[in-house]
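So you know, we letter chains A, B, ... as the sequences are listed, proteins then strands, and number each from 1.
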There are 2 protein chains.
Amino acid sequence: MMTALSDTDGPLYERVKGFILRNIGAGAWAHGRRLPSENELVSSLGVSRMTVNRALRELAAAGILVRIQGVGTFIAPPKPRSALIEIRDISEEITARGNRHRAEVLALERVTATPDLAAAFEFPRTRPVFHSVVLHFEDDLPVQLEERHVNPDFAPHYGDQDFTAMTTFEYLQAQTPVTEVEHIITAIAADSRTAAMLQLPRGEPCPLLYRRTWSGTAVVTVNRFIYAGSRIPLGSRYRPVDAPRSG
Amino acid sequence: MMTALSDTDGPLYERVKGFILRNIGAGAWAHGRRLPSENELVSSLGVSRMTVNRALRELAAAGILVRIQGVGTFIAPPKPRSALIEIRDISEEITARGNRHRAEVLALERVTATPDLAAAFEFPRTRPVFHSVVLHFEDDLPVQLEERHVNPDFAPHYGDQDFTAMTTFEYLQAQTPVTEVEHIITAIAADSRTAAMLQLPRGEPCPLLYRRTWSGTAVVTVNRFIYAGSRIPLGSRYRPVDAPRSG
DNA sequence: CAGTGGTCTAGACCACGAA
DNA sequence: TCGTGGTCTAGACCACTGG
């Protein structure tokens, strides 16, 4: 039935992947089409279910297949590649412009997470977390207000660092590997306190970048970056892009 | 033997991954250090070897560990990577949320580029370009005001399209491959005209995304996207990341 | 040679979705 | 209820590395 598992070389699960990919590429299986179930592949290919499962799981992770428990496995629709914006660490960005970066630590403490914050961390119940507020300057002009909450399981000594010497970004980068990131950008009007810190008129519109990072299934950091109005635009110039198409 | 496998929720292999990641973040295991072997983890954690293997294999695929057959498993050195924000086409984003997308074309014309615009296009002298203004709705609520200027060399029939049937994004995507993109995000206060179109109070802070695209060395489009305040946050949730380290 | 990771199996239990 | 994928186990054989 169909073609055999082809060739002789390579691990079995790779040959199963090749079998699937060949059937898609040859047009035998169209987009959206349902694949044979794991058990059917076990029978037709003569391999164990764990092997079939690994092959299908890896193809799903690569975005080629979509698997739905209780329903089946399907060929994923062709992915529209989206544009990417690169966010660099603020201190790198400033020094890359040839200017001087300076940080002022306004807060560095242990706090008990509010219910909202505990929810952002996906904690089942409230817990203490680190809280830091750092104001970043470019040549003595404030450009970014950085507020972080950090899961102490992944950086137990966060509260003891000197973040004027090393940025929080650099410290966390060295501490713990991040496997996932969430970004949300909105805009806010600077309230009087924020406006004072950033030396802006009250009510000035400011981009706000909200970021959460994961290590495995655990949330490591919950952050808010407020940029000083249009003084420092957020984003990347001239980022070479993989293969998006336009817009 | 360190801490136990923590918590109760989630698949076993995810808890094993969490165990490893926590030990790295807490500083118990330094970069370059050799991890306990699979068999040692089997004994100390009380899970089967296949489960340990899957956890380690996935962390290796994520660039966090390095595995060498016959030698052992090691903590990979930290690689500095910048965080990426994924920007999807507004219509895709709306339909992905299960809502209805509708577009209203407010302008579609040929204009002579102002000096500023000609500079953005990197034209040596001023030239005619296409200009379009499209308002995007999510279930009858305006969410994005899109203004584009398009280089007619790359889309000579841009002015003849019906952008209520196909988005400008989709049309341009089919027209010409983009090799480079520039993104700049700022925030503005909605002026009275913008506020009226987006049905927002005047002065409401709105994220503004400025985007230029290139095909080879030529600028193809110069665009401004104004998002309706915080009604539609800009950004991406859960973007899986290759192997960045933190932030 | 012993220890490592790489793979594979047969069988099992579970959560989920559709009928 | 039944079939789907999601996970887990115990045990096995292999290829590779180091001493």
Side-chain angles (χ1 to χ4, degrees), chain A residues 4-20 23-24 29 32-77 179-180 216-218, chain B residues 1 4-20 23-24 29 32-76 98 238 240:
Chain A
L5 266 192
S6 89
D7 314 306
T8 56
D9 56 316
L12 248 187
Y13 70 90
E14 286 292 354
R15 281 189 274 162
V16 174
K17 285 166 73 173
F19 169 77
I20 308 285
N23 276 288
I24 298 176
W29 294 348
R33 157 158 187 168
R34 183 168 156 218
L35 262 67
S37 74
E38 293 193 353
N39 283 324
E40 288 167 342
L41 289 171
V42 164
S43 305
S44 64
L45 300 180
V47 298
S48 83
R49 194 181 148 217
M50 278 299 280
T51 300
V52 169
N53 179 271
R54 175 164 177 186
L56 296 180
R57 177 157 35 83
E58 292 188 357
L59 288 175
I64 313 241
L65 301 179
V66 175
R67 315 198 72 196
I68 307 174
Q69 183 172 138
V71 182
T73 301
F74 305 84
I75 314 278
T179 57
E180 237 158 290
T217 58
Chain B
M1 47 92 67
L5 267 192
S6 88
D7 313 305
T8 57
D9 55 316
L12 248 186
Y13 70 90
E14 284 291 355
R15 283 189 274 162
V16 174
K17 285 166 72 174
F19 169 78
I20 307 285
N23 275 290
I24 298 175
W29 295 347
R33 158 162 184 162
R34 182 166 159 222
L35 260 67
S37 75
E38 292 193 353
N39 283 324
E40 286 168 342
L41 289 170
V42 163
S43 305
S44 64
L45 300 179
V47 299
S48 82
R49 191 180 151 218
M50 277 300 280
T51 300
V52 169
N53 179 271
R54 176 165 177 185
L56 296 180
R57 178 159 33 86
E58 291 188 358
L59 289 176
I64 294 169
L65 301 180
V66 175
R67 316 198 73 196
I68 308 173
Q69 185 173 132
V71 182
T73 301
F74 305 84
I75 316 275
Y238 279 110

Looking at [X], does any N or O in its side chain come under 4.0 Å of the phosphate oxygens OP1/OP2 on [N]?
X       : N     : result
A:Tyr13 : C:dT7 : yes
B:Ser37 : C:dG3 : no
A:Arg49 : D:dG5 : no

Considering only [options], which nucleotide approaches the side chain of [X] most closely?
X       : options              : value
A:Arg34 : C:dC8, D:dT4, D:dT17 : D:dT4
A:Leu12 : D:dT4, C:dG6, C:dT9  : C:dT9
A:Arg54 : D:dT4, C:dT7, D:dT7  : C:dT7

Give the rounded distance in Å between these two atoms: [atom1] of [X] and [atom2] of [N].
X       : N      : atom1 : atom2 : answer
A:Leu65 : D:dT4  : CG    : C1'   : 15 Å
A:Gln69 : C:dC16 : CD    : C1'   : 5 Å
A:Met50 : D:dA10 : CE    : P     : 13 Å
B:Asn53 : D:dT7  : CG    : P     : 15 Å
A:Arg15 : C:dG6  : CZ    : P     : 18 Å
B:Leu41 : C:dG6  : CG    : P     : 13 Å
B:Arg67 : D:dA15 : CZ    : C1'   : 14 Å
A:Phe74 : C:dG17 : CZ    : P     : 13 Å

Assign each of A:Asn39 and B:Thr51 the nucleotide of DNA chain D bearing its closest heavy atom; nearer the 5' end lies the nucleotide of A:Asn39
Contact summary for B:Ala76 and B:Val66, nearest pair of heavy atoms: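 Shortest heavy-atom separation between B:Ala76 and B:Val66 comes out as CB-CG2, 3.8 Å.
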So which of B:Leu35, B:Ile75, B:Ile24, B:Ile64 actually passes side-chain contact (heavy atoms from CB on, under 4.5 Å) with B:Leu59?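 Passing option: B:Ile64.
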Backbone N/O of A:Ser37 and side chain of A:Glu40: donor-acceptor pair under 3.5 Å: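 Side chain of A:Glu40 to backbone of A:Ser37: a pair is present.
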Starting at the 5' end of DNA chain C and moving along, which residue's nearest nucleotide shows up first, A:Glu14 or B:Thr73?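 The residue mapped nearer the 5' terminus is B:Thr73.
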Gap between atom CZ of B:Arg67 and atom CZ of B:Arg57 - 0.5 Å precision: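 One gets 8.5 Å once the value is rounded to the nearest 0.5 Å.
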Describe the nucleic acid contact of A:Ile68 in one word from base, sugar-phosphate, nothing, applying a heavy-atom distance below 4.0 Å. sugar-phosphate
Applying side chain to side chain contact (heavy atoms under 4.5 Å, CB included), run through B:Thr51 and B:Arg54 and close with a yes or a no. CA-CA 5 Å; B:Thr51 300; B:Arg54 176 165 177 185; 5.9 Å; no
